[in-house]
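The next block holds one structure in the form of structure tokens; read it before the comments.
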Protein chains: 2
Amino acid sequence: MKGGIILASTIRDVAARAGLSVGTVSKYINGKTVKENTRLAIEEAIKELDFHPNNIAKGLRNAKSFSVAILLPMLDSTFCTSMISSIESTLLPLGYSVIVCECHNNAEMELRKTQYLIDRMVDGIVLIPYASDGKQIEMIQKSNIPLILLDQEIQDHATDCIVLDNELAGYESTQRLIDLGHKDIAIITGSPNHYTSNGRLNGYKKAMTNAGLTITDDYIQCGDYCIDGGYEAMMRLCKLQKRPTAIFISNYDMTIGAYLAINYLRLKIPDDISVIGFDNFPLANVVNPPLSFAEQPTNVMGTEAGKLLYRRICGDYSDYPKTIMHKPTMHYKESIRQLT
Amino acid sequence: MKGGIILASTIRDVAARAGLSVGTVSKYINGKTVKENTRLAIEEAIKELDFHPNNIAKGLRNAKSFSVAILLPMLDSTFCTSMISSIESTLLPLGYSVIVCECHNNAEMELRKTQYLIDRMVDGIVLIPYASDGKQIEMIQKSNIPLILLDQEIQDHATDCIVLDNELAGYESTQRLIDLGHKDIAIITGSPNHYTSNGRLNGYKKAMTNAGLTITDDYIQCGDYCIDGGYEAMMRLCKLQKRPTAIFISNYDMTIGAYLAINYLRLKIPDDISVIGFDNFPLANVVNPPLSFAEQPTNVMGTEAGKLLYRRICGDYSDYPKTIMHKPTMHYKESIRQLT
DNA sequence: TTGTAAGCGTTATCAC
DNA sequence: GTGATAACGCTTACAA
């Protein structure tokens with residue numbers, strides 16, 4: 001207390017109260033051994049003064065902010081929010097708070113916010129990139145802040161990186177439909193040149209080509225990775241003269257949209273159309289018939305990003321740079337059928 | 001530079017380089033006027049040394065962390081992610097980074113994370129409460145950290161608070177259906193005793209009672225505020241012997257679920273059932289027929305929370321405590337019809 | 001207008 | 001094992 005204003009007590013107050021020096025108290029707090037007697041004295045003083053260490057002072061001394069940032073393109077996708085959730089769960093218990101920065105699918109803003117985070121002295125960054133030229137990465141690396149790339153790799157930039165084997169996801173989904181006798185197989189994609197969307201599309205093309213099937217432009221519809229994009233894309237596909245007999249929808253949000261369209265058009269799954277969606281759709285097991293989907297282990301990926309970032313923050317670069325590519329898990333349910 | 005390790009330059013380096021004192025440089029940086037000559041010298045030194053002020057040191061000196069937190073129940077709801085987005089957009093330009101804390105619908109974790117944020121010395125907190133006993137609020141208020149409640153009020157706890165007029169939303173939606181001649185009107189709600197869900201349910205009941213209509217328990221189905229809960233609730237309603245002719249779905253995520261169920265069951269909107277949903281559903285204008293809904297101005301609410309929090313952080317308590325109750329905007333589209 | 005120096009709360013390096 | 005003291009980078013009286 002000072003001048004009538006109640007101030008939080010400091011380590012100095014604790015030391016005085018316990019009849020010890022600040023050095024000793026600091027050591028105890030940081031886990032070094034002290035004599036039983038002093039331990040008791042300190043603990044009591046801490047309790048009585050309701051002492052909480054000042055993180056900012058700690059940070060100044062250690063040149064750390066005890067915070068990490070997740071910089072992402074847009075908060076409207078299930079993928080991104082799921083990542084925030086698992087990264088926060090992983091890093092908060094380790095003493096790091098998670099700052100969220102959204103660049104609104106805007107490359108210039110992505111750079112601005114990158115600089116902001118550097119100035120803010122975050123201890124680490126998880127980046128779900130928007131721009132693919134790698135400028136953000138260069139800035140972060142120049143500042144020596146540990147960085148984990150999530151969801152996308154960026155060409156010619158060596159970083160730790162956690163991604164899905166997107167091509168495999170596209171390939172396996174499509175191959176399954178081919179195995180079931182389908183030839184008129186459509187895909188709903190994200191924007192052209194989008195990293196994950198391209199990977200999934202390439203898998204689709206590879207499977208089609210391998211099977212000697214023709215790739216029809218009309219059967220490749222962009223749904224912009226969002227609910228209404230998926231809805232619109234599905235509507236376009238169903239209005240084609242020759243409606244596809246099967247479809248692979250390459251992300252979660254578009255799957256919801258496509259599903260709404262299919263139901264709205266009164267198409268019967270799988271009689272009229274076989275469907276494979278993407279990501280662990282909450283509805284997958286609720287809708288009837290259950291939906292087939294390629295599962296991206298979002299939870300594992302986010303947790304892994306958090307853990308790897310923590311190791312880098314702690315200075316463990318033994319396996320740097322590390323790229324972890326996750327395999328999708330395929331779930332085949334009754335939403336797909338054998339074409340006879 | 002020191003001992004071969006490249007360190008970020010400090011205000012001291014800038015002062016030395018410019019041939020001035022740190023005090024002068026600090027003043028310039030903080031917007032006080034200096035002589036033209038010194039200004040030029042400082043600017044040049046800053047540029048040459050690529051100087052960025054150290055936020056942590058600044059924070060220690062000013063007893064500020066330049067960060068605010070948003071503490072919320074669960075990241076899986078559109079409402080919450082939308083709030084993060086608008087709060088971040090508002091406060092980042094004002095120099096505050098936004099820390100996200102999720103309590104996973106767990107009251108004990110909510111208290112733990114509240115304490116964490118207090119220890120972390122965030123400069124302000126936006127709370128979307130989970131527990132309704134107000135213990136989190138007491139902790140925050142005791143620590144003198146500015147607090148804005150969002151989405152819910154808590155009884156007997158005076159705080160700044162931004163909410164929707166939930167009862168009005170429920171009332172107007174239901175009343176509209178009544179005006180159209182419906183008598184068998186159902187509602188899909190969140191969990192019992194949930195603040196916003198109860199408000200919306202009360203509005204429903206009020207409208208029904210005012211109109212002299214009987215309230216049937218079967219017509220009040222809990223959908224847990226999530227997609228699959230909405231789906232399941234809708235399925236239950238449609239299996240009733242006497243299916244309702246109209247329905248009000250009291251949040252966004254359940255609206256998606258209910259819609260999937262309706263489409264799956266091949267019910268025609270509005271011929272078989274009239275539907276009013278909730279929140280600015282991306283699909284509202286995409287689905288056919290367009291969906292009627294009660295719009296909660298989430299964007300406005302989040303921005304307002306950010307602005308008000310900033311004012312409190314700046315010490316402006318002129319209108320404390322302030323409760324802002326927003327009116328829903330009703331959008332009536334072709335998803336509802338006159339019952340003849 | 002500019003310079004000086006104390007201090008924010010911690011940790012680390014010495015001595016003892 | 002413990003204590004004294006010097007940093008960490010910045011702001012702010014106060015002095016010049």
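Convention: sequence-line order gives letters A, B, ...; per-chain numbering from 1. All figures in this text were calculated on a predicted structure; none of them were measured in a lab.
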*With B/Val22 as reference, evaluate B/Val14, B/Asp13, B/Ile11 under the side-chain contact (heavy atoms from CB on, under 4.5 Å) test and give the passing residue.*
B/Ile11
Return the value, rounded to whole Å, for the distance between atom [atom1] of [X] and atom [atom2] of [N].
{"X": "A/Lys58", "N": "C/dA12", "atom1": "NZ", "atom2": "C1'", "result": "15 Å"}
{"X": "A/Tyr28", "N": "C/dT10", "atom1": "OH", "atom2": "P", "result": "15 Å"}
{"X": "A/Arg12", "N": "D/dA4", "atom1": "CZ", "atom2": "P", "result": "12 Å"}
{"X": "B/Phe66", "N": "D/dC10", "atom1": "CZ", "atom2": "P", "result": "12 Å"}
{"X": "A/Asn55", "N": "C/dG9", "atom1": "CG", "atom2": "P", "result": "14 Å"}
{"X": "B/Leu60", "N": "C/dT11", "atom1": "CG", "atom2": "P", "result": "12 Å"}
{"X": "A/Lys64", "N": "D/dA7", "atom1": "NZ", "atom2": "P", "result": "23 Å"}
{"X": "B/Ile42", "N": "C/dG3", "atom1": "CD1", "atom2": "C1'", "result": "13 Å"}

With a 4.0 Å cutoff (strictly under), does any side-chain N or O of [X] reach OP1 or OP2 of [N]?
{"X": "B/Thr38", "N": "C/dT2", "value": "yes"}
{"X": "A/Asn54", "N": "C/dC8", "value": "no"}
{"X": "A/Asn62", "N": "D/dC8", "value": "no"}
{"X": "A/Ser21", "N": "D/dG3", "value": "yes"}
{"X": "B/Thr24", "N": "C/dT1", "value": "no"}

*Of all residues at least two apart in sequence or in a different chain, which pass the ring pair (Phe, Tyr, Trp, His ring centres under 6.0 Å) check with A/His194?*
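If we apply the ring pair (Phe, Tyr, Trp, His ring centres under 6.0 Å) test to A/His194, skipping adjacent residues, the hits are A/Tyr225.
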Touch check for [X], heavy atoms < 4.0 angstrom, all strands: base, sugar-phosphate only, or nothing?
{"X": "A/Phe51", "value": "sugar-phosphate"}
{"X": "A/Lys27", "value": "base"}
{"X": "A/Ile56", "value": "nothing"}
{"X": "A/Thr10", "value": "sugar-phosphate"}

*asked:* Is it the case that over 12 heavy atoms from other parts of the model lie below 6.0 angstrom from the CZ atom of B/Arg39?
replied: yes
Measuring from the side chain of [X] (C-beta onward, heavy atoms only), which nucleotide among [options] has the closest atom?
{"X": "A/Ala57", "options": "D/dG1, C/dG9, C/dT1", "result": "C/dG9"}
{"X": "B/Asn30", "options": "D/dT11, C/dT11, D/dG9", "result": "D/dT11"}
{"X": "A/Leu20", "options": "C/dT1, D/dT12, D/dT2", "result": "D/dT2"}

*asked:* Can you see whether A/Glu304 engages A/His326 through a side-chain donor-acceptor pair at a distance of less than 3.5 angstrom?
replied: yes
*Any chance the side chains of B/Gln136 and B/Tyr130 put a donor and an acceptor closer than 3.5 Å?*
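Their side chains do not contain a donor-acceptor pair, so the 3.5 Å distance test is not met.
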*Name the residue closer to the 5' end of DNA chain C, choosing between B/Val34 and A/Ile29 according to the nucleotide with the nearest heavy atom.*
B/Val34
_Upstream residue (5' side of DNA chain C) when A/Ile11 and B/Asn37 are each assigned their closest nucleotide_ = B/Asn37
*Could you state the interatomic distance from CD1 (B/Ile56) to OG (A/Ser67), rounded to the nearest 0.5 Å?*
7.5 Å
*Does A/Arg61 make a side-chain donor-acceptor contact with the base of C/dT10, cut-off 3.5 Å?*
no
